[in-house]
Structures are given as C-alpha cells and as structure tokens.
Amino acid sequence: MKKYIAIDGPAGAGKSTVARKLAQKLGYLYLDTGALYRAVTLYALQHGIDLGDLSQIRDMLSRITISLETNQGLQVFLNGEEVTKTIRSPQVDRSVSKVAEIKMVRDFLRETQRKIALSRPSVVEGRDIGTVILPEADLKIFLTANPETRAHRRWLELREKGDCVDYKSVLKNILERDTIDSSRAHAPLRKANDAIVIDTSFLTIEEVINKIYALAING
Ligand code: DC
C-alpha cells in the first residue's frame with residue numbers, strides 16, 4: 001500500500017477531482033497545494049502588492065497565515081477568514097502563475113506543504129510535488145490532457161459557478177498558465193523521472209481514479 005501519493009500536471013488535467021476522490025476512497029488526507037498559491041495571490045490582489053518588489057513580498061508573507069480544513073470538502077482560510085470560493089475567481093486565475101513564479105513564495109509554502117503532507121498518509125496534488133515538495137512520495141502520477149479538453153472542463157466549472165466567461169478566454173488563460181508554469185526558473189511544472197503518466201483526455205474521472213487506486217494498493 002502506497003502511503004504518499006503525488007499527483008502533478010497542468011491546469012484542467014483533472015487533478016483536483018481525482019485527488020480529492022482518491023483520498024476519500026483510500027481514507028487519506030487530501031492536499032490541494034494550488035489552493036495555497038491562490039490564497040497568497042488573493043492577499044496580494046487585495047492589498048495591491050507589487051509583485052516585482054521583494055521587500056513587499058517578504059512583508060506580505062510575514063503577515064499571512066493559511067490553514068486548510070477538510071471536514072466538508074476543502075475549506076481554505078486566509079488569516080482566519082474563509083476564502084474557499086474567492087480563491088477560484090477569474091481574477092485569481094489570471095494572477096496566480098505570476099505569484100507562483102516567485103521563489104520567496106515557493107520557499108515560504110514548501111515547509112507548510114511538507115508539514116501537512118507528511119502528517120498522515122496523503123494524496124497531494126500540484127505542479128512540483130513529485131519533483132520538489134515530496135520527492136520521497138512512493139507513488140507519483142503525472143496527469144495530462146489536451147489543452148482544449150482542459151479548457152472545456154474549466155469553462156464548465158466556471159459556468160456552473162455562474163461566472164460567465166467565454167471558452168476562448170479560458171483556453172487562452174490555460175495556455176498562458178501552461179507556458180508560465182512550465183518555463184519558470186523555480187520548480188517548474190515537470191514530470192518526475194519516476195512518475196507514471198496518465199492522459200485523461202478520453203477517460204472518465206472514475207476510470208482515472210480506479211487506475212491510480214489499483215497502483216496505490218497493488219503497485
Ligand atoms: O492547481 P491550481 O490551478 O489551483 O493552481 C494554481 C496555480 O498555482 C497554477 O497556475 C500554478 C501554481 N501551482 C504551483 O506552481 N505549484 C503547485 N504545487 C501548485 C500550484
């Protein structure tokens with residue numbers, strides 16, 4: 001039985017749903033690391049932080065406490081205030097890759113992520129889990145899907161929440177985030193050498209979960 005499962009991949013590959021349901025099925029902790037970057041981004045937007053000014057970033061990080069609760073789905077708290085929904089807004093979508101590029105932010109969140117992930121058997125999803133955050137994970141999955149499928153999924157998700165954005169701008173945002181996330185200097189989105197690749201373009205969520213579940217219990 002695998003104890004620490006890392007799931008990495010680009011936006012819209014299905015990581016969040018798969019990781020959350022897989023964690024439920026295994027009775028493991030679920031950690032959505034993107035939520036941490038999103039919470040930092042929300043704070044930066046709310047306080048007009050200049051992302052090019054490292055002293056402002058340092059000061060901002062000293063004022064931020066993020067906590068997660070997994071009682072009813074995943075709840076995210078920023079300095080005690082619940083921000084679960086706000087961190088998924090199109091405004092945060094547009095800025096989060098820029099914030100995630102900043103080394104000081106990544107260093108700040110690294111220890112938080114390791115502490116939560118190693119507190120008990122866990123399914124951890126993000127971009128650099130298998131490579132940087134939990135290189136010791138005993139099962140590493142790299143989920144991928146073609147950009148159009150990923151944009152369509154994200155568009156449906158936003159529409160369900162009542163955010164009326166057009167498909168083309170969602171696709172544009174996905175492609176931009178892919179470029180920034182994969183080409184940044186610090187901990188870019190990259191498949192770990194020992195990760196297993198699963199293309200989810202033509203698979204249902206259940207099929208993906210079952211594949212990973214089988215690897216977790218048998219592999
Ligand atoms: O998974 P998500 O879309 O919620 O992630 C939001 C952004 O955070 C994404 O564009 C890249 C960044 N991120 C990261 O750089 N490293 C992680 N481990 C998780 C997310």
>> With clusters defined by side-chain heavy atoms of hydrophobic residues (ILVMFWY) lying less than 4.5 Å apart, directly or transitively, does Ile180 cluster with Val96?
In response: no
> Under 3.5 Å, is there a donor-acceptor pair between the Ser16 and Asp32 side chains?
Replying inline: no
> Ion pair present between Arg38 and Asp93, side-chain N to carboxylate O less than 4.0 angstrom?
Replying inline: yes
> Below 4.0 angstrom, N of the basic side chain to O of the carboxylate: do Asp8 and Lys15 qualify?
Replying inline: no
>> Could you walk me through whether Thr200 and Arg153 satisfy the side chain to side chain donor-acceptor pair (under 3.5 Å) test, starting with their C-alpha distance in whole Å, then the side-chain angles of each, then the deciding distance to 0.1 Å, before giving a yes or no?
In response: CA-CA 11 Å; Thr200 70; Arg153 288 174 183 165; 3.1 Å; yes
> Honestly, is Arg159 close enough over Trp155, meaning NZ or CZ under 6.0 Å from the six-membered ring centre and within 45° of the axis?
Replying inline: yes
> Are Asn210 and Lys25 close enough that a side-chain donor and a side-chain acceptor fall under 3.5 Å?
Replying inline: yes
> With the 4.5 Å side-chain cut-off for hydrophobic clustering, are Phe77 and Met60 part of the same group?
Replying inline: no
> When you look at CG of Asp166, are more than 12 heavy atoms from neighbouring residues, nucleotides or ligands closer to it than 6.0 Å?
Replying inline: yes
> Are the charged groups of Arg114 and Glu136 less than 4.0 angstrom apart, N to O?
Replying inline: yes
>> If the test is side chain to side chain donor-acceptor pair (under 3.5 Å), which one of Arg20, Gln24, Glu125 qualifies with Tyr30?
In response: Glu125
>> Quick test of your reading of the model: are Glu176 and Lys172 salt-bridged, counting only N-O distances below 4.0 Å?
In response: yes
>> With a 4.0 Å cut-off on N to O distance, would you call Lys2 and Asp138 a salt bridge?
In response: no
> Do we get Lys191 above Phe142's six-membered ring, with its NZ or CZ under 6.0 Å from the centre and within 45° of the axis?
Replying inline: no
